[in-house]
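Below is one structure, written out as structure tokens, with a few remarks after it.
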Amino acid sequence: QVQLVESGGGLVQPGGSLRLSCAASGSIFSIETMGWYRQTPGKQRELVATITTGGTRTYYLDSVKGRFTISRDNAKNTVYLQMNSLKPEDTAVYYCNADITSGTLDYRVYWGQGTQVTVSS
């Protein structure tokens, strides 16, 4: 059974930094695109950043460009989101997701459980 487990959320002051991690575990054949979404109460989940398998292509939400950096370690089946110069409007629950083919060659999109990021003084 494949799982995504996130870590690294918390409370930080405006201008501060946090690094989120998301590790995939279980019977995995391959992982393609990995990404991060965020959601605040009453709003739709929005895509923050994605990264392709080789890390050669990335996408960022306009409001986080230049502040957030997505990266991955394929040997560890882990994706990271380095968040710098955090603003109160970055406060949200952050979810990772990944396109995974399992060991039984079933393909689907998996989601993590979410980690709270709060930016406040």
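Keep in mind the model is a prediction, meaning the values are calculated, not measured.
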> Within 45° of the axis and under 6.0 Å from the centre of the six-membered ring of Tyr59, does NZ or CZ of Arg57 qualify?
Replying inline: no
> Among pairs that include at least one residue of residues 55-105, which meet disulfide bond (SG atoms under 2.5 Å apart), considering only residues two or more places apart or in two chains?
Replying inline: Cys22-Cys96
> Roughly how far, to the nearest 0.5 Å, is CG of Asp99 from OG1 of Thr101?
Replying inline: 8.5 Å
> Of all residues at least two apart in sequence or in a different chain, which pass the ring-ring contact (aromatic ring centres under 6.0 Å, His included) check with Tyr37?
Replying inline: Trp111
> So how far is it from Leu4 CG to Ser21 OG, rounded to the nearest 0.5 Å?
Replying inline: 12.5 Å
> Considering residues at least two apart in sequence or located in another chain, which fulfil the side chain to side chain contact (heavy atoms under 4.5 Å, CB included) criterion with Ser27?
Replying inline: none
>> Using 0.5 Å steps for rounding, measure from the CZ atom of Arg45 to the CZ atom of Arg38.
In response: 13.0 Å
>> For the OH atom of Tyr95 and the OG1 atom of Thr115, what is their distance to the nearest 0.5 Å?
In response: 10.0 Å
> What do the steps show when you test Gln13 against Leu86 for side-chain contact (heavy atoms from CB on, under 4.5 Å), and what is the final call?
Replying inline: CA-CA 8 Å; Gln13 292 187 340; Leu86 282 161; over 6 Å; no
> Which residues pass the side chain to side chain contact (heavy atoms under 4.5 Å, CB included) test with Val117, sequence neighbours left out?
Replying inline: Leu18, Leu20, Met83, Tyr94, Val119
> Are side-chain heavy atoms of Ile28 and Val2 found at a separation under 4.5 Å?
Replying inline: yes
> Does CD belonging to Glu89 count more than 12 external heavy atoms closer than 6.0 Å?
Replying inline: yes
>> Under a plain distance cut-off of 3.5 Å, with no hydrogens placed, do Thr118 and Ser120 share a side-chain donor-acceptor pair?
In response: no
> Taking all atoms of both residues into account, what is the closest heavy-atom pair of Gly114 and Val93, and its distance?
Replying inline: CA-CG1, 3.9 Å
Only distances under 3.5 Å count here; give the side-chain donor-acceptor pairs of residues 60-70 to other protein atoms, sequence neighbours excluded, each with its distance to 0.1 Å.
from	atom 1	to	atom 2	distance (Å)
Tyr60	OH	Ile70	N	2.9
Asp62	OD1	Lys65	NZ	3.0
Arg67	NE	Ser63	O	3.4
Arg67	NH1	Ser85	O	3.0
Arg67	NH1	Asp90	OD2	2.7
Arg67	NH2	Ser63	O	2.9
Arg67	NH2	Asp90	OD1	3.1
Arg67	NH2	Asp90	OD2	3.4

> Does Tyr80 belong to the same Ile/Leu/Val/Met/Phe/Trp/Tyr cluster as Val12, with side-chain heavy atoms less than 4.5 Å apart forming each link?
Replying inline: no
> Considering all heavy atoms of both residues, which atom of Phe29 and which atom of Ser102 are nearest to each other, and what is their separation?
Replying inline: CB-O, 3.2 Å
> Hey, what do you get for CD (Gln3) to CD1 (Ile100), rounding to the nearest 0.5 Å?
Replying inline: 10.5 Å
> Rounded to the nearest 0.5 Å, how far apart are CD1 of Ile51 and CG of Asn74?
Replying inline: 8.0 Å
>> Under the rule for side chain to side chain contact (heavy atoms under 4.5 Å, CB included), what residues qualify as partners of Ser17, not counting sequence neighbours?
In response: Gln82, Asn84
>> Could you check whether any side-chain N or O of Thr78 sits under 3.5 Å from a backbone N or O of Lys76, counting only pairs where one atom can act as donor and the other as acceptor?
In response: yes
> If you look at every heavy atom in Arg72 and Thr52, which pair is closest and at what distance?
Replying inline: NH1-O, 3.0 Å
>> Tell me the closest heavy-atom pair linking Glu6 and Gly112, and the distance in Å.
In response: OE2-CA, 3.3 Å
